[in-house]
Amino acid sequence: MEIARVFTAGSVNDGKSTLIGRMLLDSNAISTDIMQQLTALNATDVLDLALLTDGLRAERDLGITIDVAYKYFTTKRKKFILLDTPGHKEYTRNMFTGASNCQMAILLVDVTQGITSQTLKHIEIVAILGMPYVIFAINKMDKVDFQEAGFIRCQQDLWSALQSFPDLPKVDFIPVCALDGDNIVHPSVKMDWYKGGALLEAIEAVEIPLDFSPENLVLEIQGLMENYVFANVVSGTYDPQYPLFHKEIALPRLQSLNVHGISLQTMKQGEQVVFSMDGMPVFQKGDRIYADSCPIIARDFVAVVCWMSEGINESKNTFGLISGSFETTVHVDWKQAQIEINDMVEVDLHLEKERCCFEHTLAKKRERFILYDLDTFSTVAAGMIKNELK
Amino acid sequence: MLLNQEVRCLNVIPLKMDYLKELESEAISILRSAAFQFQNPYLLFSGGKDSICLVHLAMKAFYPLQVPFKLLHVDTGHNFSETMVFRDEFVEKYKLDCHVQSVIDSIRNHKIPDAKGKFPSRNALQSVALLDAINALKIDACIGGARRDEEKARAKERIFSFRNDQGEWNPIQQRPEPWNLLNGKIHPGENVRVFPLSNWTELDVWNYILQENIELPSLYFAHERLCLVLPDGALMAFNPYMRLESGDELVECRVRFRTIGDMTCTAAIASNATTVEEVIKELEMSKISERGATRLDDRISPAGMEDRKRQGYF
Ligand SMILES: Nc1nc2c(ncn2[C@@H]2O[C@H](COP(=O)(O)OP(=O)(O)O)[C@@H](O)[C@H]2O)c(=O)[nH]1
Ligand SMILES: [Mg+2]
């Protein structure tokens, strides 16, 4: 059994929260007491399924989603983590938070509204993040009498919008009615012109590509205690035949410790390891240890940044940067005078400390970072390094 | 139309174990981040299954070294004696350093009224004691076993959840947390709540307990106990703090606890499950959520948990 992390996106009121609620309800993943709470909260006799995920008082009062809600359910094949994210422009940072932690997107479009500017913003975010799989759920089909025409129109508009993005994810289009449950868990009987499966079937069936290369071992040091190095495996597996390097210098033999069945010998990407060595060099938190890959050790990089705070001008350019366990101060060359909330821009980064990256981690968009404000310490931007600045 | 539809039996399917490895790895990475980002992190230990799992994960995360966190137990004075015995033996056995913060001391020092009523719960007062401990011990991070699947306000919370210098949570201004990149930067007086089990469900925790053979207090398994049956069917374990009224009848029941909180606000459930496997089977069939089955304190208002959390609760 694998874990699949899926999120909903799309404009305000396209039915994201309703769709998550419907999916949980029709998979019998809602307990009786939660159902009772839900009915008690409802003023009318049409159940407001959005109340299942809109868990904050402000969200219930305003009838909108402000922050990501995490919901859990399992089927025979997968353990799902469902994230309901907000559609409002001003909460795009929360949508981004949710999206970045997922491998699949359900992007909703209200068939009566068509594509909006937020739909396009979300497609842009999904594309920038390199999401492998996106399902476009064309919702509120009940409002067009379940006729095919509206669905086709949305599908065509989405196709043309997608053409402007270079690496397209795998996409599917499903006509749904989240309110009544058509094509959510159960196939709809009202749209016989649609030959595909329901939404749940689609997200269950998809094979999430393993973002994993067995060669290219890279470890990142999380921290040091006494004579032990605590690290996580950024990529690859270990072959004891080959030496490991740190800052282009070969390391003495590692003494691997076996923790919960994971030692250097058996480790793979995503796992947590600990080791020690005789004659340990000066390691620092965030340093990387690698096998055969050719490292790019530099201070200056080109990156894509999503700005998540109020607008600023280019003179605000010094921030704290966190990337995994690596921390430094950074000067950002914005290359434009004004940066507004939710802008996604290409910038130059000048790091105070050297960072060690690799061709394969850059190619897979895995050199991710956040920027925080040096006075307030709040997180103000998220980004990905593209390449070294030459 | 939906209102009349009966909610069918929850078809939770038993899981194979490999997904647990992913959850474990995520939790260990969060625990390591907490250890390496903060000066003075404490692990909130209640003697319940979630915090016991947390300690187990922390032992794995820092093996072969000792757990680099001190424990903090906020003691309401209304704990089950089984929990207290378990806590003391556990701390002794694993050579942990546990600070006990007494809610009664906080009540006295702040001259706030003690809990009243038929079931006088000091649950909400725990926030006061927790904030007292944070101030007195200069704690910058509290690692807790809360899970997003427990409750709808918790479903909204970040892994590193920021608290201002009053200990307050502002749920509509949370720091973005893309790619689970954890920002633990704070000013003196502020603190961060760290939730390594964010993405675990109740069933995940039990499957992990089974896999790792983790010891739990006996309260989690079926035993005979004198209970007061409430009008809605909830079973309140008889305890010296409840005020019995005439007409109240105590019945000997076979029960276990799904959560272990304050004796005065945690209900038991009727159960015959005496082993971890049996508990898992029982939960797979259960139609009631964990807190719905056991917590009187959540029944007060739809925003009960959110309000408590805003004021500094775990
Ligand atoms: N007619 C119709 N209304 C829907 C459907 N799905 C959602 N809605 C309604 O659209 C409104 C917004 O839904 P909500 O889930 O809160 O949208 P969100 O902002 O995308 O989360 C609510 O009034 C829903 O009842 C649908 O399939 N058909
Ligand atoms: Mg919503």
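So you know, we letter chains A, B, ... as the sequences are listed, proteins then strands, and number each from 1.
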**Prompt:** Do the side-chain N and O atoms of A:Gln272 and B:Ser25 include a donor-acceptor pair separated by under 3.5 angstrom?
**Reply:** yes
**Request:** Identify which of B:Lys185, B:Lys156, B:Arg154 forms the greatest number of heavy-atom pairs closer than 4.5 Å to chain A.
**Result:** B:Lys156
**Message:** To the nearest 0.5 Å, what is the distance between CH2 on B:Trp179 and NZ on A:Lys365?
**Reply:** 10.0 Å
**Item:** Contact origin within A:Ile3 toward chain B - heavy atom pairs under 4.5 Å
**Value:** both
**Request:** Quick one: do A:Thr379 and B:Asn183 satisfy side chain to side chain donor-acceptor pair (under 3.5 Å)? Show the steps, please.
**Result:** CA-CA 7 Å; A:Thr379 305; B:Asn183 174 0; 2.9 Å; yes
**Request:** Return yes when atom CG of B:Asp165 has more than 12 non-hydrogen atoms of other residues, nucleotides or ligands closer than 6.0 Å, and no otherwise.
**Result:** yes
**Prompt:** Considering residues at least two apart in sequence or located in another chain, which fulfil the side chain to side chain donor-acceptor pair (under 3.5 Å) criterion with A:Gln103?
**Reply:** none
**Message:** I need the residue from A:Leu83, A:Leu51, A:Asp375 with the largest number of non-hydrogen atom pairs under 4.5 Å to chain B.
**Reply:** A:Asp375
**Request:** Please determine if B:Arg148 forms a cation-pi arrangement with A:Tyr70, meaning its NZ or CZ atom is less than 6.0 Å from the six-membered ring centre and no more than 45° off the ring axis.
**Result:** yes
**Asked** Measuring heavy-atom distances to chain B, does A:Ile34 have an atom under 4.5 Å in its side chain, in its backbone, in both, or in neither?
**Response** side chain
**Prompt:** Are side-chain heavy atoms of B:Arg175 and A:Phe377 found at a separation under 4.5 Å?
**Reply:** yes
**Request:** Decide, yes or no, whether a salt bridge links A:Lys71 with B:Asp149 under the criterion of side-chain N to carboxylate O below 4.0 Å.
**Result:** no
**Fill in**
Heaviest contributor of heavy-atom pairs below 4.5 Å to chain A, chosen from B:Leu23, B:Ile172, B:Leu65, is B:Leu65
**Request:** Without swapping roles, check the side chain of A:Asp33 against the backbone of B:Ile288 for a donor-acceptor pair under 3.5 Å.
**Result:** no
**Item:** B:Lys70 atom NZ, over 12 foreign heavy atoms within 6.0 Å
**Value:** no
**Message:** Within a 6.0 Å radius of atom CG on B:Asn213, are there more than 12 heavy atoms belonging to other residues, nucleotides or ligands?
**Reply:** no
**Request:** Would you mind telling me which of A:Ala381, A:Cys102, A:Gly320, A:Gly383 has the largest number of heavy-atom pairs within less than 4.5 Å of chain B?
**Result:** A:Gly383
**Shortest non-hydrogen separation from A:Phe230 to B:Tyr63 and the atoms involved** = CE2-O, 3.8 Å
**Request:** Using heavy atoms and a sub-4.5 Å threshold, report which of residues 190-201 of chain B line up against chain A, by residue number.
**Result:** B:Ser198, B:Asn199, B:Thr201
**Message:** So for A:Ala4, is it side chain, backbone, both, or neither that comes closer than 4.5 Å to the heavy atoms of chain B?
**Reply:** neither
**Complete:** Interface check, chain B: of A:Ile322, A:Leu56, A:Ile66, A:Ile370, most non-hydrogen pairs under 4.5 Å belong to A:Leu56
**Item:** Stepwise ring-ring contact (aromatic ring centres under 6.0 Å, His included) check, A:Tyr228 with B:Phe62
**Value:** CA-CA 9 Å; A:Tyr228 295 99; B:Phe62 300 99; over 10 Å; no
**Message:** Can you confirm whether B:Glu215 is buried at CD, in the sense that more than 12 heavy atoms of other residues, nucleotides or ligands lie under 6.0 Å from that atom?
**Reply:** no
**Asked** About how many Å separate OG of A:Ser31 and NZ of B:Lys287, when rounded to the nearest 0.5 Å?
**Response** 11.5 Å
**Prompt:** Could B:Lys152 and A:Glu59 be called an ion pair, given the rule that one side-chain N must be under 4.0 Å from one carboxylate O?
**Reply:** no
**Asked** Any idea which of A:Glu2, A:Met308, A:Glu226, A:Met225 has the most non-hydrogen atom pairs under 4.5 angstrom with chain B?
**Response** A:Met225
**CD-CZ distance between B:Glu177 and A:Arg93, expressed to the nearest 0.5 angstrom** = 13.5 Å
**Prompt:** In terms of side-chain geometry, is the basic nitrogen of B:Arg158 or A:Asp67 positioned less than 4.0 Å from the acidic oxygen of its partner?
**Reply:** yes
**Request:** Look at B:Asp307 together with A:Arg57 and state whether they make a salt bridge at an N to O cut-off of under 4.0 Å.
**Result:** yes
**Prompt:** Mind checking what makes salt bridge (charged side-chain N to carboxylate O under 4.0 Å, His left out) contact with A:Glu204, not counting sequence neighbours?
**Reply:** none
**Asked** Under a 4.5 Å heavy-atom cutoff, which of A:Asp84, A:Val380, A:Leu224, A:Asn232 has the most pairs with chain B?
**Response** A:Leu224
**Fill in**
So, the part of A:Thr65 with a heavy atom under 4.5 Å from chain B: the answer is side chain
**Item:** Any donor-acceptor pair under 3.5 Å from B:Arg32 side chain to A:Ala231 backbone
**Value:** yes
**Request:** With a 4.5 angstrom heavy-atom cut-off, could you sort out which part of B:Ser33 is near chain A: side chain, backbone, both or neither?
**Result:** neither
**Complete:** OG (A:Ser378) and CD1 (B:Ile186) are apart, to the nearest 0.5 Å, by 13.0 Å
**Request:** Go through the structure and list residues passing salt bridge (charged side-chain N to carboxylate O under 4.0 Å, His left out) with A:Arg5, not counting sequence neighbours.
**Result:** B:Glu22, B:Glu26
**Complete:** When the 4.5 angstrom heavy-atom criterion is applied to A:Ser276 and chain B, the contacting part is neither
